[in-house]
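Start at 1 and go down the list; that is how both ligands and their atoms are numbered. Computation of the quantities below employed the complete heavy-atom set of this structure, encompassing side-chain atoms and omitting hydrogens, waters and symmetry-equivalent molecules.
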Amino acid sequence: MSRKDLILKLYEVGGIKFGEFKLKTGSISPIYIDLRVTISYPELLQEIADIMWEKVHGLDFNILCGVPYTALPIATAMSLKNKIPMVMRRKEVKDHGTKKSIEGVYKPGQKCLIVEDLVTSGSSVFETIEPLVQLDLQVSDVVVLLDREQGGRRTLSSQGYNLHSIFTMTELMDTLLDFGKIDKFKYEEINKYLNANQIKNPPMKNDNPHKTYTRRADLCTNPIAKKLLNLMDKKQSNLAIAADVTTKAELIKIADEIGPEICVLKTHIDIIEDFDQSLIEQLQFLANKHNFIFFEDRKFADIGNTVKYQYEKGIYKIADWAHIVNAHTVAGPGIIMGLKEVGLPRERALLLLAEMSSAGNLAYGSYTEKTLMMAAENKDFVIGFIAMGKLTDDPGFINFTPGVKLDKGGDTLGQQYNTPEKVIFEQGSDIIIVGRGIYQAENPTEEAKKYREAGWQAYKKRIS
Ligand code: S5P
């Protein structure tokens, strides 16, 4: 069966419904895909299992795990036909008997393929991956029938998992329209919803007319966003240095020696042991000399009233010198309001942490989606995100990505690295944040040149 026939068959058996449906992510969707009905159509179920098996059978795995409940019959059908063992995650862990979260026989180190019916934000998939990984099973691939294009692929990829989907929501809608199953009116209504809620997989080539940093500067109202985007093209650098050193002298040395290579100097000012205001003066002199912007990576996370003081007062007086600061959104939009009261009159800018680079972090799915909404409501002050790649189609937002090294890998405390090429070209981000990859190198200045070149080439490739 072709992919198109499969979509039409699913529609015929009531697997695709139109109306108003509350999704697990909390958003109201005018379209609902209910693959549970497929258990009533054994031939269709087998077709689905076969097409999904075809997609992944060459990959390296020796056990399957279906995500409960809808994907369990799909995984079972794959297992029976292809003689591959399966394990099953309990949705509710029993409080009696064996108390197991995973049923079936497995050995630590076995490679497990995750089987899911559809992926929206990716949260259900993670609920299944977590207990498997805790039991020392290795997971690297996830196969799904439908990618709803609402962030799941990116989230999985940001945590090191590859998503293999048979079709996307866009393809499903196009097929239903082409075959007259929905009219143009319905198609547009659903598309409108999808456009507002989708996080499409970043295109390999960015065909947006505002594709260069300079063109995008025209779309920004915030003066720091404009300045930053313009200076990036002028300086030919999308490199931010994470200058995580602990003395004034080391920080000044980095700012002076690596200054010519960077667009942004990112600081954690509270780790400097001998901090005093003279450091700020010297850094400001170097920022003028080499033309870069300060980003104090303070990661505010409190209520609006408290962050106002943290931003403006204390010994660091961050608002006086940091062009950009960042905040977690866990506290709700009040945090943006508080920071804005202090920052906007001083022509400052804010980044929201929409995703993080560390293993097991909680910033994904509806958290990320709600963060994007908060940003959209505060475009005068919020200029972009800390994220693993491009999150929205709005070229006015700037994406900063940490966890970057020329050699992938990680550290012993959960940091996970991607290459500049992957972050800028594949994931569509704008700025690479590099710390230890540069300042721990034998020759940091030479290393910074390499990162700058790699980041810039990936950007040129993306816009060409
Ligand atoms: O999710 C995040 C967000 C940030 S801002 N992961 C991160 O690693 N960071 C910061 O980026 C982190 O605080 C550090 O300053 C830098 C990464 O440093 P590296 O040495 O791992 O490159």
Worksheet, complete the sentence: atom 22 (O) of ligand 1: closest protein heavy atom, distance to 0.1 Å, is Gly435 N, 2.9 Å
All N/O donor-acceptor pairs, side-chain side in residues 332-339, below 3.5 Å, sequence neighbours left out:
none

Item to complete: Using a strict 4.0 Å cut-off to heavy atoms of Ala242, name the atoms of ligand 1 that fall inside it.
Response: 15 (O), 16 (C)
Worksheet item: Which of the numbered atoms in ligand 1 are below 4.0 angstrom from a heavy atom of Arg436?
Response: 19 (P), 20 (O), 21 (O), 22 (O)
Worksheet item: So with a 6.0 Å cut-off around NZ of Lys299, is the heavy-atom count from everything else above 12?
Response: yes
Discussion item. Any salt bridge linking Asp270 with Arg298? Criterion: basic side-chain nitrogen under 4.0 Å from a carboxylate oxygen.
Written reply: no
Item to complete: Using non-hydrogen atoms of the residue, decide whether His268 is closer than 4.0 angstrom to ligand 1.
Response: yes
Worksheet entry | From the candidates Ser357, Gly437, Ala387, Gly403, the one that places a heavy atom nearest atom 6 (N) of ligand 1 | Ser357
Worksheet item: Taking distance alone, with no angle check, do Ser358 and ligand 1 share an N/O pair under 3.5 Å?
Response: no
Worksheet entry | Identity and distance of the protein heavy atom lying nearest atom 11 (O) of ligand 1 | Pro402 CB, 3.5 Å
Discussion item. For the CE atom on Met173, are there more than 12 heavy atoms of other groups (residues, nucleotides or ligands in this structure) within a distance under 6.0 Å?
Written reply: yes
Worksheet, complete the sentence: Per-atom filter on ligand 1: closer than 4.0 angstrom to a heavy atom of Tyr417 are 19 (P), 20 (O), 21 (O), 22 (O)
Discussion item. Salt bridge or not between Asp430 and Lys390? Use side-chain N to carboxylate O under 4.0 Å.
Written reply: no
Item to complete: Check ligand 1 against Lys299 and write out every atom of the ligand that is under 4.0 Å from a heavy-atom position of the residue.
Response: 3 (C), 4 (C), 5 (S), 13 (O)
Worksheet item: In terms of atom number and element, which parts of ligand 1 are under 4.0 angstrom from non-hydrogen atoms of Asp244?
Response: 14 (C), 15 (O)
Item to complete: Would you check whether Glu355 has a nitrogen or oxygen atom less than 3.5 angstrom from a nitrogen or oxygen atom of ligand 1?
Response: no
Worksheet item: Once the angle between the rings of Phe294 and Phe292 is folded into 0 to 90°, is it parallel (under 30°), tilted (30 to 60°) or perpendicular (over 60°)?
Response: perpendicular
Practice prompt. Name the closest protein heavy atom to atom 5 (S) of ligand 1, giving the residue it belongs to and the distance to 0.1 Å.
Written response: Asp297 OD2, 3.0 Å
Fill in: Identity and distance of the protein heavy atom lying nearest atom 8 (O) of ligand 1
Gln415 NE2, 2.8 Å
Worksheet item: Applying a 4.0 Å heavy-atom criterion (strictly less than), which segment of Lys266 is in contact with ligand 1: side chain, backbone, both, or neither?
Response: side chain
Worksheet item: Taking only heavy atoms of Met356, which atoms of ligand 1 are found under 4.0 Å from at least one of them?
Response: 1 (O), 2 (C)
